[in-house]
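First comes the structure, then the notes that go with it.
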Amino acid sequence: MRVAVVGGGPGGLYAAVLLKRLDPARQITVWERNAPEDTFGFGVVLSDETLGGIEHADPEVYRALQAEFVRWDDIDIVHRGRTLTSGGHGFAALSRRRLLAVLHRRCRDLGVELRFRSEAPPAAELARTHDLVIAADGVHSTTRTAHAEVFGPRLTTHRCRYIWLAADFALDAFRFEIAETEHGVAQLHAYPYSRPTPGGSERHPAGAERSPGASTVIVEMREEVWRAAGLDRCDERESAQWCAKVFADALGGRSLRANNSSWIAFRTVVNDRWSHGNTVLLGDAAHTAHFSIGSGTKLAVEDALALAACLQEQPDTAAALAAYEEERRPVVASTQRAARASLAWFEELATYLDQPPHQFAFNLLTRSRRVTHDNLRLRDPGFVTAVEREAGIEATTPPMFTPFRLGGLTLRNRVVVSPMDMYSAADGEGTPGDFHLVHLGARALGGAGLVMTEMVCVSPEGRITPGCTGLYAPGHETAWRRVTDFVHTSAPGTAIGVQLGHSGRKGSTRLMWEGIDEPLPEGNWPVVAASPLPYRPGVNQLPHALTEPELATVRLQFVASAESAARAGFDLLELHCAHGYLLSGFLSPLTNRRTDAYGGDLTARLRFPLEVFDAVRAVWPAERPMTVRISATDWADGGTTADDAVAIAEAFTRHGADAIDVSTGQVVPDERPDFGRSYQTPFADRIRNTLGVPVIAVGALSSWDDVNSLVLAGRADLCALARPHLYDPHWTLHAAADQGYTGPGAPWPLPYRAGSRTPPTGRTDAPKPRLTLR
């Protein structure tokens with residue numbers, strides 16, 4: 001088997017090592033356009049998991065690397081003259097140059113041909129003369145570009161500039177430092193990669209008295225700060241001097257050195273496919289992850305391990321490349337989600353600077369959502385205790401069980417049962433029945449601080465389906481009163497809220513389980529919208545564009561429903577301005593093409609939703625809070641952006657909204673959401689910390705650890721969970737039991753109190769073996 005490797009970085013070299021070691025008969029050639037001693041960047045970080053894979057696959061490489069590693073446990077966070085340290089994190093780093101040297105030597109020992117200072121022939125040419133072509137040619141991959149129509153690359157350039165530098169001494173911990181300059185915020189990411197040793201070093205000749213070691217130093221800032229500071233006009237030396245001056249305390253007044261260092265805007269690389277015939281992408285050519293989570297080299301090395309294993313296990317190359325991608329893609333996607341969350345946090349760093357010191361540090365440490373409240377407590381319980389103490393949280397109280405005041409309503413904890421359409425109005429006229437009493441009553445008994453209804457429609461034609469509930473007929477109010485009375489009587493301390501909305505162009509469709517967003521086979525009613533644009537052309541109805549008199553009618557329908565909701569005993573009202581329904585349709589530029597006063601720029605698109613809000617707020621009791629749910633992004637080109645979401649939230653807050661319920665998407669059918677755990681929370685986080693307004697976070701929150709983490713970090717005030725409450729109506733009470741909490745934030749209903757402890761199961765405490773007989 002002839003194998004060509006394009007690119008002599010760690011991923012490409014390690015793939016060559018593994019493939020040759022597994023089959024010495026393979027003829028493997030690595031093309032690297034730079035010299036052997038050339039390298040960019042300074043230190044690399046590898047996790048224990050990655051090192052375990054290396055040790056298992058090639059103990060010789062592992063032993064060589066192990067001798068070079070610098071290990072540390074602490075992270076220092078320096079902000080406004082104060083250093084806070086969190087321990088128990090466990091990192092290992094080494095010089096990138098030493099890593100490459102180890103892999104070069106191993107390649108030569110095994111008989112891999114290394115061609116330095118050589119541009120590889122085009123991948124298409126190599127593919128004709130080799131059985132396998134591994135394109136490990138980095139973020140600017142010429143292979144990926146040459147076959148873009150097959151790989152389907154999507155490159156996103158982000159909002160910060162950063163530069164790789166080095167300091168000639170070893171820090172004793174990973175260090176994050178924030179500098180507030182006259183031009184804006186800059187941050188430093190630094191870690192040791194070479195231990196202080198007697199004798200020589202990479203820079204100093206052998207025989208020197210002692211080397212102080214070395215550290216990677218990365219300085220990052222927003223593009224506008226970089227330009228304002230004049231760094232766009234600085235050369236490499238001047239940039240290093242500027243960074244050394246700004247972070248003089250961290251460096252002890254020492255200088256920084258460069259190595260072909262330049263200011264870079266990070267690019268996230270995603271590919272629809274990773275292979276083309278017998279050519280396969282590996283490492284940064286296939287995917288990138290922001291340096292702030294230290295996973296670039298890790299991912300490349302793990303790619304090499306997986307590719308070698310699949311080639312060994314599968315019957316042919318095609319099957320191996322398919323298996324490689326199937327195995328690696330979910331892992332990479334998860335890492336990229338964490339990396340995007342991390343880089344977005346640093347892009348918005350300025351919004352967190354006024355947080356209390358410990359909360360700021362906790363927020364930074366949990367920014368990627370991989371480190372959580374519970375995980376950090378295991379690593380450093382003293383640090384988490386200090387964060388909670390600073391926040392005024394009692395030692396025995398998880399953050400999720402602290403009270404929160406929303407307008408005139410005090411919620412006993414931070415858990416919300418999210419609005420969920422049930423499509424179960426049995427009479428076909430929008431009247432809630434026994435199902436809604438049991439459904440909402442069960443969740444109220446389950447311990448949540450706030451239980452929300454589904455979207456309750458303000459008119460018959462405002463329903464999504466014939467099974468949707470309403471508040472537009474006399475019988476509706478009475479039926480809803482039955483539900484609120486049960487909650488207030490049988491689950492005292494639980495608040496119940498109503499979400500009012502109008503389906504707009506997404507109405508007159510089947511029940512979800514009969515075909516979501518599919519039109520009714522018969523009995524359709526006309527639908528209306530901001531503009532005459534069907535949800536799905538050729539499938540859904542062409543909506544009628546509402547005229548100004550018709551807008552006034554809809555506004556009065558919302559008012560009438562709000563008055564009815566107040567009489568029905570709801571504690572909170574939420575206006576539904578999300579998910580492509582009527583009011584959302586006015587907000588998004590993808591669905592509002594009007595040329596009158598209700599269309600055009602964002603101010604005009606906000607006009608009708610704000611008119612409805614003002615009208616409802618005027619009749620809704622002043623002491624009861626009112627919230628607004630928005631779609632913070634359409635997940636589609638040309639749609640609502642995160643910047644728009646901040647402006648929308650600010651407008652509703654000015655008009656009296658007590659909190660913003662931040663969801664995303666479902667506005668257009670061709671959206672491309674970035675699904676993943678708590679994937680919508682960064683939008684809520686940004687609104688909260690930019691505007692200083694309360695927010696409800698929603699979207700793939702599944703654990704009580706998520707809720708604790710978001711609340712303690714100050715990214716959300718309340719957390720709305722949907723599917724977990726379908727799986728377990730008593731999710732909140734069980735979260736309290738899991739954490740050993742028995743306080744006022746989660747009281748068990750008296751009839752259920754006997755079940756407040758986990759039922760016993762079979763014994764697992766059998767005596768352990770004491771002796772081993774040989």
Side-chain angles (χ1 to χ4, degrees), residues 2-17 19 27-41 44 96 100 103-104 107 112-158 164 259-291 295-297 299-304 306-307 311 317-318 321 324-325 328-329 332 336:
R2 298 190 69 207
V3 180
V5 180
V6 182
L13 289 170
Y14 194 50
V17 166
L19 292 175
Q27 298 176 38
I28 302 176
T29 306
V30 178
W31 277 266
E32 170 54 53
R33 63 183 179 182
N34 296 304
E37 64 276 7
D38 289 346
T39 187
F40 308 100
V44 296
R96 181 178 173 89
L100 293 176
L103 294 174
H104 290 162
C107 281
V112 173
E113 182 180 357
L114 301 177
R115 295 186 182 181
F116 294 105
R117 302 183 182 88
S118 299
E119 287 286 351
E125 180 180 327
L126 289 172
R128 289 192 292 269
T129 56
H130 291 75
D131 301 292
L132 176 67
V133 179
I134 300 174
D137 46 351
V139 64
H140 301 293
S141 171
T142 56
T143 305
R144 185 185 64 229
T145 301
H147 301 285
E149 75 286 354
V150 177
F151 294 122
R154 285 172 277 127
L155 281 63
T156 305
T157 302
H158 298 282
W164 289 83
N259 176 15
N260 292 307
S261 303
S262 60
W263 291 96
I264 307 166
F266 186 80
R267 303 171 81 187
T268 295
V269 175
V270 177
N271 285 279
D272 294 334
R273 293 187 59 187
W274 292 2
S275 64
H276 168 44
N278 62 348
T279 300
V280 63
L281 302 178
L282 185 145
D284 282 355
H287 46 70
T288 58
H290 192 251
F291 61 81
S295 289
T297 302
L299 287 176
V301 169
E302 290 176 350
D303 281 355
L307 179 60
L311 286 164
T317 300
L321 299 188
Y324 157 71
E325 183 169 347
R328 291 295 295 156
R329 187 176 284 280
V332 168
Q336 287 190 311

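When a residue number appears, it is its place in the shown sequence, counting from 1.
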- Could you check L282 against V5 for side-chain contact (heavy atoms from CB on, under 4.5 Å), going step by step and ending with a plain yes or no? CA-CA 10 Å; L282 185 145; V5 180; over 6 Å; no

- Item | Distance, nearest 0.5 Å, that separates CZ of R144 from CZ of F151 | 9.5 Å

- Task: Give the minimum heavy-atom separation between G283 and D303, together with the two atoms involved.
- Result: N-OD2, 2.9 Å

- Query: Just by distance, do the side chain of N271 and the backbone of A285 share a donor-acceptor pair under 3.5 Å?
  - Reply: yes

- With sequence neighbours excluded, residues passing side-chain contact (heavy atoms from CB on, under 4.5 Å) with E325: W274, S275, R329

- Electrostatic pair R117:E37 at N-O distance under 4.0 angstrom: yes

- Note on the structure: Heavy atoms of V17 and C107 approach each other most closely as CG2-SG, 3.6 Å

- Message: Strictly distance-based, threshold 3.5 Å: is any side-chain N or O of S261 a donor or acceptor partner for the main-chain N or O of W164?
- Response: yes

- Can you find a pair of side-chain heavy atoms, one from Q27 and one from V3, that are under 4.5 Å apart? no

- Provide the closest heavy-atom pair for A304 versus A15 in the form atom of the first, atom of the second, distance. CB-N, 3.6 Å

- Which value, rounded to the nearest 0.5 Å, describes the distance between I264 atom CD1 and T157 atom OG1? 12.0 Å

With a 3.5 Å cut-off and sequence neighbours excluded, list the donor-acceptor pairs that the side chains of residues 129-139 form with protein atoms.
from: T129; atom 1: OG1; to: L126; atom 2: O; distance (Å): 3.3
from: H130; atom 1: ND1; to: L126; atom 2: O; distance (Å): 3.1
from: D131; atom 1: OD2; to: R2; atom 2: N; distance (Å): 2.6
from: D137; atom 1: OD1; to: S141; atom 2: OG; distance (Å): 2.7
from: D137; atom 1: OD2; to: S141; atom 2: OG; distance (Å): 3.2
from: D137; atom 1: OD2; to: T142; atom 2: N; distance (Å): 3.2
from: D137; atom 1: OD2; to: T142; atom 2: OG1; distance (Å): 3.4
from: D137; atom 1: OD2; to: T143; atom 2: N; distance (Å): 3.2
from: D137; atom 1: OD2; to: T143; atom 2: OG1; distance (Å): 3.0

- Message: When you measure from the side chain of E113 to the backbone of T29, do you find a donor-acceptor pair of N or O atoms at a distance under 3.5 Å?
- Response: no

- Query: Backbone N or O of A127 within a donor-acceptor pair of the T279 side chain at under 3.5 Å?
  - Reply: no

- CG of N278 to OG1 of T317: how many Å apart, nearest 0.5 Å? 7.5 Å

- Message: Minimum heavy-atom separation for E119 and W31, please, with both atom names.
- Response: O-CD1, 3.9 Å

- Query: Any side-chain heavy atom of T268 within less than 4.5 Å of one from H158?
  - Reply: yes

- Message: side-chain contact (heavy atoms from CB on, under 4.5 Å) for V30 and R115? Distances and angles first, verdict last.
- Response: CA-CA 6 Å; V30 178; R115 295 186 182 181; over 6 Å; no

- Query: Nearest heavy-atom pair of H147 and A123: which atoms, and what distance?
  - Reply: NE2-CB, 4.3 Å

- Only counting residues at least two apart or in another chain, list the ones meeting side-chain contact (heavy atoms from CB on, under 4.5 Å) with T145. none

- Task: Enter the distance from E149:CD to R273:CZ here, rounded to the nearest 0.5 Å.
- Result: 10.5 Å

- With side-chain contact (heavy atoms from CB on, under 4.5 Å) as the test, would you mind laying out the steps for T156 and R267 before giving the verdict? CA-CA 5 Å; T156 305; R267 303 171 81 187; over 6 Å; no

- Spacing of CZ belonging to R328 relative to CG belonging to L299, to within rounding of 0.5 Å: 6.0 Å

- Query: Say you draw a straight line from NE2 of H140 to CG of L155; how long is it, rounded to the nearest 0.5 Å?
  - Reply: 9.0 Å

- Query: Are any side-chain N or O atoms of S118 and backbone N or O atoms of R33, one a donor and one an acceptor, separated by less than 3.5 Å?
  - Reply: no

- Task: Over all heavy atoms of both residues, which pair between R96 and P10 is shortest? Give the atoms and the distance, please.
- Result: NH2-CD, 3.6 Å

- Min side-chain heavy-atom separation L311-Y324 under 4.5 Å: no

